[in-house]
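Taking it in order: structure first as structure tokens, then the write-up.
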Amino acid sequence: MRIKPKPQPRQRVRPASWTNTPAAPVSTTQVAPESTGSLDGIGRTGTHPLTRLDENQRLWAYEQRIKDAFARIVPTLKSIAARVPDAGFEDWAQAEARRTLGFELPESLLADAWVAGLDRRALFAHVTFETVRAMSDDYFSTDPLDDRGQSEEFVRFLLECGFHAMNVTPCSDGRLAHAIRYVLRLPMGAVQRRANAGALFDVEEALGRWSTVELGRFREGLPNTADAPTRYLKVVVYHYSSRDPEHHGCAAHGSDTRQAAAGGRERLHAFREAVENSYCCGASIEGLLIGIDTDTDRLRLHLPDARGDADLDRFVDAGALHRETARLDPEAARALIRERVANPSGGGLAPAPGMQRLIARLIEHNISQLDYVRDYHNGHYTDIGHEERFIGVGMDFAEIHLRNLTYFSFLRTLEEGSCNLDVGIKIFTQLNVAHGLPIPIVIRFEYSGQVPGARERAIDRCERLAGAIAQRYPDLAEHGLLHTYWTVRDSQGNGRLEPVGGSLLGGRTA
């Protein structure tokens, strides 16, 4: 039975912290590079000539206001829970929520508090979901990271490099949730992101996406015609920890850095072979293997071996090039980066010219991020482990660009992606359940508004996936330690998040 849509909620009050005023950076008193130790060799030698300070300030302002919104959840709920429900409790609690969170709380939870106390777990999940909705609305309505403004230019650059598409698979780990927009400094509108645990993407799914892109070139000439000599670029991003490699590397690979890199290389090879065997056109595929140190955001970009596969032992290190070019003028710094990429130490094959241009550009982008981490996080992150706020499952979340904000599991059905979600549940069992808090899971499916019935089918997928999750983790669900929030979004244009149901809403509401 369907529940009639509820009346539109009151206008939300945006907290003061959702402004765009950038916070002051961490002190950057200069010290000699050899004295920096904990800064992983980058050094405090002043701002690098290639660093874009204006972009760093904008990204920092965004990081602060979004993470501050999530950080206010627990203190606000503690304050509300500490007050004994009396005659004025409901009005006071709503005023407190509006002031600190920017939205009101469910009236039913507050009205029943005098009987058996607040349902703190339900309240925590509800506030987390509402904060996700506020963040999503902000992203799609204001474009705070200027993705739209940069997408067109980067697509042109990719075509100049000889690539008509760029599909990136980072690990689902929340410490890589910012890999696209922060670490690599790429606009989301210009690349596709498909996160998987351990960066072990589904080869058949990747083959389907490649087919869709190539069909678009044949039928529509987008972004170029099929006879253009360009290639499809598949990128795998694995991760490791420089400060505690044995415990804070990739959980899907047992914190074994080499195993993580080898796993990514194997999937890239399998993808190319799948295209060759299925369509006899493997030459149109290019692979790139990238490693990210989750403690500093430092990049390592692997170069090809004699077979054209990524060489696990030969890579360009962005941190080393940051140091080497720190005292040069911008053009000299760029020239030296291009030289190092074209003539890698240790001999061996150099990447193709177009790939060289792309790698050099990614290194330049990462130099800004290294200074960002230095200026705003004292050179390395203090949260080297997991501190995610919610799990996202389903289609990729275009609005998620912040480190340690969400653990993401890309899947259509739980059977296809259960291993990814199991890793997330294990992480949140330690983060939340161990402290009596529920695991918030946001389910997302996108649809094309141009396709008849697509929205209805997307809602059906949400409902089926939510039911499968409850069945897979029955103990958590039955004790209020797991809550789901169902959302859909029209992928055409800049459609906003649309909540359509959830465990706190009694199921489906649309």
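Reckoned from all heavy atoms, side chains included, excluding hydrogens, waters and symmetry mates.
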Looking just at side-chain N and O atoms, do Asp317 and His322 make a donor-acceptor pair shorter than 3.5 Å?
-> no

Applying side chain to side chain donor-acceptor pair (under 3.5 Å) to Thr51 and not counting sequence neighbours gives Asp371

Are any of the side-chain nitrogens in Arg508 or Glu456 under 4.0 Å away from the carboxylate oxygens of its partner?
-> yes

Is it the case that Ser409 and Ser172 place a side-chain donor and acceptor less than 3.5 Å from each other?
-> no

Give a yes or no answer on whether the side chain of Ser136 reaches the backbone of Val132 with a donor-acceptor pair at less than 3.5 Å.
-> no

Could you go through the side chain to side chain donor-acceptor pair (under 3.5 Å) check for Glu387 and Asn404 one step at a time?
-> CA-CA 6 Å; Glu387 290 191 12; Asn404 249 347; 5.3 Å; no

Thinking salt bridges, do Asp86 and Arg83 make one under a 4.0 Å N-O criterion?
-> yes

Qualifying salt bridge (charged side-chain N to carboxylate O under 4.0 Å, His left out) pairs, either residue in residues 426-435, two or more places apart = none

Would Arg300 count as a cation-pi partner of Tyr240, with NZ or CZ less than 6.0 Å from the six-membered ring centre and within 45° of the ring normal?
-> yes

Asp244 and His247 side chains, donor-acceptor separation under 3.5 Å | yes

Could you list the residues that satisfy salt bridge (charged side-chain N to carboxylate O under 4.0 Å, His left out) with Asp91, not counting sequence neighbours?
-> none

Does a side-chain N-to-carboxylate-O contact under 4.0 Å join Asp138 and Arg65?
-> yes

Side-chain donor-acceptor contact under 3.5 Å, Gln57 with Tyr372 | no

Among Tyr62, Tyr139, Tyr182, Phe408, whose ring pair (Phe, Tyr, Trp, His ring centres under 6.0 Å) with His401 holds?
-> Tyr139

Ring centre gap for His479 and Tyr473 strictly below 6.0 Å | no

With a 4.5 Å limit on heavy-atom distance, are the side chains of Leu184 and Asn366 in contact?
-> no

Can you list the residues that meet the side chain to side chain donor-acceptor pair (under 3.5 Å) rule with Arg455, with sequence neighbours excluded?
-> Glu498

Give every residue pair that meets the salt bridge (charged side-chain N to carboxylate O under 4.0 Å, His left out) criterion with at least one member in residues 178-192, sequence neighbours excluded.
-> Glu55-Arg181, Glu55-Arg185, Asp147-Arg181

Pairs satisfying salt bridge (charged side-chain N to carboxylate O under 4.0 Å, His left out), at least one member in residues 398-411, at least two apart | Asp383-Arg403, Glu399-Arg444

Without hydrogens or angle criteria, can the side chains of Asp293 and Tyr381 be said to hold a donor-acceptor pair below 3.5 Å?
-> no

Does the distance from a Lys or Arg side-chain N to an Asp or Glu carboxylate O, for Arg243 and Asp295, drop under 4.0 Å?
-> no

What is the ring orientation for Phe201 with Phe271, classed by angle as parallel under 30°, tilted 30 to 60°, or perpendicular over 60°?
-> perpendicular

Without swapping roles, check the side chain of Arg175 against the backbone of Gly249 for a donor-acceptor pair under 3.5 Å.
-> yes

If you measure only the distance, is there a donor-acceptor pair under 3.5 Å linking the side chains of Thr484 and Trp486?
-> yes

Given His435 and Phe124, is the ring pair (Phe, Tyr, Trp, His ring centres under 6.0 Å) satisfied, shown in steps?
-> CA-CA 12 Å; His435 302 283; Phe124 174 83; over 10 Å; no

